[in-house]
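All remarks here apply to the structure that follows.
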Protein chains: 2
Amino acid sequence: MGRPVGRRGESRARLLDAALALFAEHGVSGTSLQMIADSLGVTKAAVYHQFASKSDIVLAVASPVMDQMAAIADAADAAEDKSARFNLVLSGLVDLVLDNRASASALRRDPVLTRLLETNEDFRAVLARIDAILIGPSPSTEGRIALVLAGGSLMVSGMDPSLADVDRGTMRGVLISSMTRLLRP
Amino acid sequence: MGRPVGRRGESRARLLDAALALFAEHGVSGTSLQMIADSLGVTKAAVYHQFASKSDIVLAVASPVMDQMAAIADAADAAEDKSARFNLVLSGLVDLVLDNRASASALRRDPVLTRLLETNEDFRAVLARIDAILIGPSPSTEGRIALVLAGGSLMVSGMDPSLADVDRGTMRGVLISSMTRLLRP
DNA sequence: GTCTATACGCTGATAGAC
DNA sequence: GTCTATCAGCGTATAGAC
C-alpha cells in the first residue's frame, strides 16, 4: 500500500515484478519499456537507470527461474535412489510452476525467452540433467514425447485463466499424478 | 522453386504461409510486415495490397484453424454414442495439430492470437462444444485441469523441435493414448 | 532514483505510378 | 500485383539536470 521504499534493490525488484507480469500478458516483444514504466508510474528514463537495455530486463526476469531449476536438479542428485530423484524433480517442478502461476509459464511460451534459454549453455545443461532424471539417460521415442507432453502441460496449467480459482493443494495433487501418469506409463 | 504463380489467390496463400511460419518463430508481436515482405521477396506495399492491416493477416491465419475445429465438433455431433464422439474429437484434434505441426501450436502460445480467439464468440462456442464432448457438460475440478493439461500438451507437442524427427504415425499413437490417459483417468 | 529532452531507426500504413 | 516514396508515431536508447 504505497510502501515508502528505500531499501536497496527494492525498486529493482518491483520493476522485475512489473515486467514479468507484462511479459506474461503481452509477451516480451509485445511489451515496451514505456508499458513497464507506466505500470510503475515512472518514466522510461527511470527504467533505464536500473537496466542498461531491454535484454537485460529479460535476462534478469529469467535468471531466478534458471537458478531454481538448477537447485531442483542439485537436490535430486543428492537423493538416494532413482525413484526418490524422480519424485524430487517432479514435485520441485510442480512447486516451481505453482509458486509463479501465470508468470513462470510465460517463460516457456514466449519466443524471445524460449530462444534466450535455448541458447544458454548453462540452462541447457540443467534441463538435460532434469530430463535424464525424469526419463533416463537414453530415452525411447515414446519417452521423449512424454517428456515434451509433461513439460508442456505443466507450463500451460500455471497460466490458464480457467484454472485461476483452483486451490493450490488440488492443483498440486492433480499435476503430480498427471505428470507421473504421462512419464511412467 | 520459383514457381510461375498466376493462379488466383495463390500469392495470398503464400503470404499466409510465410506469415504463419514467422508468427510461430517470433510471435505475432515479434513479426513485422517488413519481415513478412522480405521472406516473400517483395515490399511492404505488396503485402498491403493483399491485406488492409496486420490484424487482418492475423485473422486470416487463425480462421482456417477455427473452421477446422468447428468441423471437428460438427462431425462429432453426428456420431452415435458418447464414446464415438469422444474418439472423433480426440483424433480430430490430434490430426489437426499433426497437419500443421510447428505452425498450429503458435496459435495457442501467442498472446495476441490467444486474445483474438478468446474474444471471438464463435470460436468460444466451438471450444465449449469440444470441451463438453471431452469432459462432459458439468466437469469436476479434476476434469477441468485435465482438459487444460491435455490441450496444452497437445499444442506443445506439435511445436517442439526435439520431436521433429518423430514420424507422424508414432506421434499420432502416443498423442491419442496420452490424451486419453489424461482425460479418462 | 527520477526527471525532461532528444536522437534516430523501424513500425504500420497511405498515395500513386507502372 | 508490385513498385517507389512518404508519413506520423512509437520503439529503444542516451545526455544531462535535479
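Letters A, B, ... are given to chains in the order of the sequence lines, protein chains preceding strands, and every chain is numbered from 1.
For the pair B:Ile36 CD1 and C:dT11 P, the interatomic distance rounds to 11 Å; values are reported in whole Å. Whole-Å rounding puts the B:His49 NE2 to C:dT14 C1' distance at 14 Å. Between the CG atom of A:Leu40 and the C1' atom of C:dC3 there is a distance of 15 Å, given to the nearest Å. Rounded to a whole Å, the CG atom of B:Asp38 is 14 Å from the P atom of D:dT2.
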Report summary line: A correct 5'-to-3' footprint of nucleotides 11-18 of chain D, with B, S and - meaning base, sugar-phosphate only and no protein heavy atom under 4.0 Å, is SBBBB---
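Between D:dT2 and B:Thr43, no contact under 4.0 Å exists linking OP1 or OP2 to a side-chain N or O.
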Requested in this report: Decide side-chain hydrogen bond (donor to acceptor under 3.5 Å, both in side chains) for A:Arg181 and A:Ser177; before the verdict, give the C-alpha distance in whole Å, the side-chain angles of both, and the deciding distance to 0.1 Å.
Outcome: CA-CA 6 Å; A:Arg181 233 176 304 139; A:Ser177 86; 3.2 Å; yes
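In plain terms, the two heavy atoms of A:Arg85 and A:Ala76 that are nearest each other are CG-O, 2.9 Å.
For B:Thr31 (side chain) and B:Leu22 (main-chain N/O), a donor-acceptor pair under 3.5 Å exists by modelled atom type. A donor-acceptor pair is defined here as one N or O able to donate and one able to accept, closer than 3.5 Å; such a pair exists between the side chain of B:Thr119 and the backbone of B:Arg115. Counting only distance, with no hydrogens or angles, the side chain of B:Arg144 and the backbone of A:Ser162 share a donor-acceptor pair below 3.5 Å.
Around atom CZ of B:Arg168, more than 12 heavy atoms belonging to other residues, nucleotides or ligands sit under 6.0 Å away.
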